[in-house]
Structures are given as structure tokens and as C-alpha cells.
Amino acid sequence: MTLATALFLLVLFVVTLTVAAYSTYAERKVAAFLQDRIGPDRAGPFGILQPLADGTKMFMKEDFIPAAANRRLFTLGPAIAMITALMTGVVIPWGGELTLFGETFRLQGTDPEIGILFVFAIVSIGVYGIMLGGWASNNKYALLGSVRAASQMVSYELGMGLSIVALVMLNGTLSLGGIVEHQAAHGWNIIYQPLGFIIFLVCAFAETNRSPFDMPECETELVGGYHTEFSSMKLGFFLFAEYTNMFISSAVISTLYFGGYHVPGLDRLGLDPNLTTLIGTAAMFAKTFFFIFFFMWVRWSTPRFRFDQLMNLGWKGLIPLGIANVLITGTVYHLAELWKG
Amino acid sequence: MEPISTPHDYLPVLVQAAIAVGFVGFALSAAAFLGPRLHGRKKEESFECGIEQQGDARRPFSVKYLLIAILFVLFDVEVIFLYPWAVNFKALGAVGFVEMVVFVGFVLAGLYYVLRKGVMRIE
């Protein structure tokens with residue numbers, strides 16, 4: 001690992017935090033827009049300093065722990081949620097190669113062979129954060145919220161894993177950099193995997209506990225769900241982890257199905273390679289921001305599911321559909337091979 | 001074939017984890033230090049919508065959640081088995097595909113069985 005990689009990781013960390021912080025602002029502005037309101041407008045022009053105000057408030061609030069809670073796990077829960085949310089960005093390819101001072105850098109922390117499995121592994125650890133936090137609160141609402149969260153997240157992980165299997169069959173690699181390169185050469189995966197994309201998208205909503213699947217923090221039934229007893233930075237981390245996860249999920253969706261940093265026809269223009277890379281990175285962020293907006297759009301347009309509906313959709317809908325998608329993909333591929341001779 | 005990744009490739013992952021742990025540790029201790037601290041017996045009770053607290057949350061809850069967790073472990077292992085096959089899908093050819101269809105058939109039969117057994121009947 002070089003100094004450049006270390007610097008890149010630091011920049012990535014700051015960018016992730018900034019995007020997550022401004023997603024909270026964007027969410028309130030999007031909600032306001034969809035509901036014909038103005039939204040936050042007091043902190044700075046157009047309320048642009050709102051995330052800073054919110055962050056400062058989180059620091060200055062009382063760090064309250066209920067007497068009945070398990071103190072160590074109560075702190076560990078939000079910490080795990082936040083740490084896992086910040087860790088997955090390292091394997092996502094944010095751009096191509098950049099040549100500076102005669103050296104070539106890749107705009108990706110690292111590209112292990114098992115990139116997408118690494119993302120799944122870390123996301124699975126995130127379940128522990130919510131589960132521990134809710135259980136340690138020793139509060140009935142928090143307990144119900146956390147067991148709901150755990151069963152919801154593990155159920156939808158299956159559908160998500162199956163939708164990726166079909167994609168990996170066509171791309172022949174688990175490395176995220178490799179998947180983007182394959183798409184640059186053969187066209188974006190969304191063309192070949194529309195069903196897989198829809199399954200993945202629905203599962204991404206459930207994995208990030210976003211509406212319409214936000215039963216774990218369903219305020220009409222469970223007060224605040226798993227974070228009922230949390231305050232100060234601990235509550236902040238749970239909420240912030242949700243926005244960070246939304247950013248990372250959007251980036252993963254763009255990478256897997258929409259060509260990541262690839263822009264069709266850009267290499268044919270004969271631009272400077274560095275400029276091409278920068279346009280690619282801008283395209284990657286544009287795609288990511290679109291999906292973040294999509295997450296918000298859905299949240300403010302759809303009512304919440306009921307828990308049994310959610311479980312039925314996962315186990316009787318998405319998992320069989322995911323398996324069908326694998327079989328269809330394999331059959332179509334082999335028929336096409338036969339056709340070609 | 002692409003080269004297999006080396007332990008060297010995972011160093012950035014560890015660095016990223018260290019940054020994340022550092023940030024979380026700093027923010028949690030800073031918040032604990034900066035905020036006010038006030039104690040009170042009523043205040044430190046668990047929240048139950050303002051009514052008197054009835055027992056605590058260390059009580060049995062629906063076994064359905066446990067069943068879902070167990071089923072997840074079963075099916076997730078089966079999905080993981082699909083990954084090495086999926087990576088080599090094109091190299092394995094039609095025979096490899098048919099073999100995997102048989103495996104997937106067993107998985108589907110298992111899924112059908114647990115659904116018919118009513119594991120998902122949550123009311």
C-alpha cells in the first residue's frame with residue numbers, strides 16, 4: 001500500500017461522511033418538495049448548514065443510558081452499525097486510472113477477487129449493531145424493533161445474494177472492478193439482468209431499513225423501534241449509519257447494474273485519459289445520487305408494509321423469483337450459445 | 001485468468017476499518033464528555049409511553065423470529081454454494097448448468113417444504 005492509497009482512503013472517508021450528512025439535508029428538502037413545503041431554511045442560505053447544526057446538537061446532548069440497560073452492549077450497538085457502514089466503500093471502484101506526476105493511481109481503495117462478497121459480509125455484521133443495540137436497551141419496543149430488523153435483514157439478504165448469482169454468471173467475476181470492466185466491454189448489466197436488478201433494488205430497500213420496509217423503527221407501533229432508548233451521538237450513529245448505507249447501496253447498485261464509472265462512447269472521443277477518468281467519476285457520483293434520490297422519492301410516496309407482508313414478499317416472492325432468475329439466465333445463455341453454434 | 005488477490009490487497013481494508021473505529025471512538029467519547037449529565041430514578045426507567053414500567057424486556061418472544069434465523073442460515077449456505085459455480089459458469093458449459101439445476105431443484109423443494117409447514121404464517 002502506498003501513501004497515495006492512504007490519502008485516497010482518507011478522502012473517501014471524508015466524502016462518505018459529507019454525502020451521508022448532506023443526504024439528511026436532501027431527504028428533508030425532497031420531503032418538503034414532495035409535500036409542497038419549504039423544508040429546513042434557517043441555518044445558512046437555503047438551510048445549507050443544517051447538517052452541521054444537527055451534528056453539533058448530537059454532540060451536545062446528554063449521553064443517556066437507562067438503568068436497566070446493558071451498558072457495554074448499549075454502546076457497542078451503534079458503534080458497530082456506524083463502523084460497518086463506513087467500511088464497505090473501500091472496495092467500490094469510484095473511477096478509472098488517474099496519472100499524476102508520472103504515476104498511475106486507481107480510484108479504488110482495493111480490488112480483491114471477492115469484492116461483492118466482502119460487501120455482503122460487512123453488511124451482515126451491521127445486523128449485529130441493530131440487534132445488540134435493541135436488545136441491550138432492555139425495552140420492549142426496542143426488543144421488538146431489533147428482532148424485526150434482524151429477521152427482515154437476513155431474509156432479504158437471501159434474495160439479494162440470489163440476484164447477484166445471476167449477475168456473476170454473466171460477468172464471470174466477483175471483483176467489483178472486474179464487473180465494471182466487463183460492463184464497459186459488453187454493455188451494462190441492466191440490459192441483461194432487468195429482473196435481477198428489480199430484486200436487488202427491493203432487497204436494498206429492506207437491507208437499509210428504508211421505507212416502505214422500515215418496520216424496525218415503525219413509530220406508529222414501536223415508538224422509535226430499536227433506537228427508542230438512544231440519545232446523543234449513539235442515536236446519531238444509528239441514523240447516520242442508515243444514510244451512509246443508503247449512499248453505499250446506491251453506489252453498489254450503480255456499479256453492479258449501471259456500469260459504475262463507465263460512460264458509453266466516452267473513450268471514443270479521444271479525450272485526455274485523466275479527463276476521461278474524472279468524467280467517469282462524476283458519472284459514478286451522478287448515478288449514485290440518482291439512486292439516493294430514488295430512495296427518498298419512494299420513502300415519501302409509499303405507505304409502510306406490514307411485517308407479515310414483508311416476510312411473505314421476501315420468502316414467497318423474491319427468493320423463488322431470484323432462483324427463477326438464475327435458471328432463466330443460465331437457460332438463455334446456453335440457448336444463445338447453441339444458436340451461435 | 002486474473003491473478004488471485006494477495007493478503008497485500010487487504011491492507012487498505014484494515015486501514016479503512018482503523019479510520020472508522022477511530023472516528024466512532026472519538027465521536028462517542030466526545031459526545032459523552034460534552035453533554036450534560038443528570039440522574040433521576042424515574043428518568044432512568046425504560047420508556048413505556050409514560051405509564052408505569054411493567055417488568056422488563058428480558059422475556060420470551062415469538063419463536064417465529066428464531067425459525068426465520070435458522071432458515072436463513074440453511075438457505076444462505078446454499079446460496080453461497082452457488083457463487084463458485086456462478087464465477088465459472090461459462091467454463092463449466094451445459095453439463096455444469098444441468099448439474100446446478102438439479103442442486104437448485106433440491107433447494108426449491110426444501111423451500112416449498114418449509115413454506116408448506118407454515119413457517120411464514122405470522123399473524
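Counting heavy-atom pairs under 4.5 Å between each of A:A69, A:A67, A:P66 and chain B puts A:A67 at the top. The greatest number of non-hydrogen atom pairs below 4.5 Å with chain B, out of A:E229, A:E157, A:K61, is found for A:E229. Note: B:F23 leads B:Y112, B:F23, B:W85 in heavy-atom pairs under 4.5 Å with chain A. Per-residue heavy-atom pair counts under 4.5 Å with chain B were compared for A:L86, A:L158, A:N312, and the maximum is reached by A:L158. Of the listed residues (B:A32, B:G25, B:A69, B:A30), the one with the most heavy-atom contacts under 4.5 Å to chain A is B:A32. Taking A:A79, A:G314, A:G178, A:S232 one by one and counting their heavy-atom pairs under 4.5 Å with chain B, the maximum is reached by A:A79. Interface check for chain B: of the options A:N138, A:I83, A:L17, the most heavy-atom pairs under 4.5 Å are formed by A:N138. Between chain B and the options A:T16, A:I164, A:I319, the largest number of non-hydrogen pairs under 4.5 Å is found for A:I164. Taking B:V73, B:V114, B:L108, B:V101 one by one and counting their heavy-atom pairs under 4.5 Å with chain A, the maximum is reached by B:L108.
Of all heavy-atom pairs spanning A:D63 and B:L28, the tightest one is OD2-O, 4.4 Å. Pairing each heavy atom of A:T5 with each of B:P12, the nearest pair is CG2-CG, 4.2 Å. Counting all heavy atoms, side chain and backbone alike, A:G330 lies closest to B:F89 at CA-CZ, 3.6 Å. The two residues A:M233 and B:A27 have their closest heavy-atom pair at CG-O, 3.9 Å. Here the shortest heavy-atom pairing between A:M311 and B:I68 reads SD-CD1, 3.7 Å. Minimum heavy-atom separation, A:M169 to B:K90: O-CE, 3.9 Å.
Just one residue in the list B:V87, B:L82, B:V104 forms a side-chain contact (heavy atoms from CB on, under 4.5 Å) with A:V165, and that residue is B:L82.
Distance CD1/A:I323 to CZ/B:F75: 7.5 Å, rounded to 0.5 Å.
More than 12 heavy atoms of other residues, nucleotides or ligands shown are found within 6.0 angstrom of CZ on B:F103. The 12-atom threshold is exceeded at NZ of A:K316, counting heavy atoms of other residues, nucleotides or ligands nearer than 6.0 Å.
Proximity of B:L71 to A:W315: side-chain heavy atoms (C-beta onward) are separated by under 4.5 Å at one or more points. Here the side chains of B:V13 and A:T110 are in contact, with some heavy-atom distance below 4.5 Å. Contact of the B:V15 side chain with the A:V90 side chain is not registered, since no non-hydrogen atoms from C-beta on lie closer than 4.5 Å. A:F120 has its side chain out of reach of B:D76: every pair of non-hydrogen atoms, C-beta onward, lies at least 4.5 Å apart.
Between A:H334 and B:F97, the angle of the ring planes lies from 30° to 60°, which puts this pair in the tilted group. Using cut-offs of 30° and 60° for the angle between ring planes, the B:Y65 and A:F307 rings count as tilted.
For chain B, the nearby parts of A:T75 are the backbone and the side chain; heavy atoms of each come within less than 4.5 Å. If you measure heavy-atom distances from A:A324 to chain B, you find no contacts under 4.5 Å at all. For A:F8, no part lies near chain B; criterion is any non-hydrogen pair under 4.5 Å. At a 4.5 Å heavy-atom cutoff, B:L66 makes no contact with chain A through either its backbone or its side chain. In this structure, chain B has no heavy atom under 4.5 Å from any part of A:T84. Contacts between A:L167 and chain B at a heavy-atom distance below 4.5 Å are absent for every atom of the residue. Proximity to chain B (any heavy atom under 4.5 Å) is shown, for A:L338, by neither the backbone nor the side chain. Residue contact with chain B, scored on non-hydrogen atoms closer than 4.5 Å, involves the backbone and the side chain of A:L327 alike.
When atom types are taken as modelled, the side chain of B:Y83 and the backbone of A:V168 share no donor-acceptor pair closer than 3.5 angstrom. Side-chain atoms of B:Q16 never come within 3.5 Å of backbone atoms of A:G89 as a donor-acceptor pair (strictly under, hydrogens ignored).
A ring-centre distance under 6.0 Å is not found for A:F118 and B:Y10.
Each side chain to side chain donor-acceptor pair (under 3.5 Å) pair with one or both residues in residues 163-178 of chain A, not counting sequence neighbours, appears once here: A:D111-A:S175, A:N171-A:H182, A:N171-A:N189.
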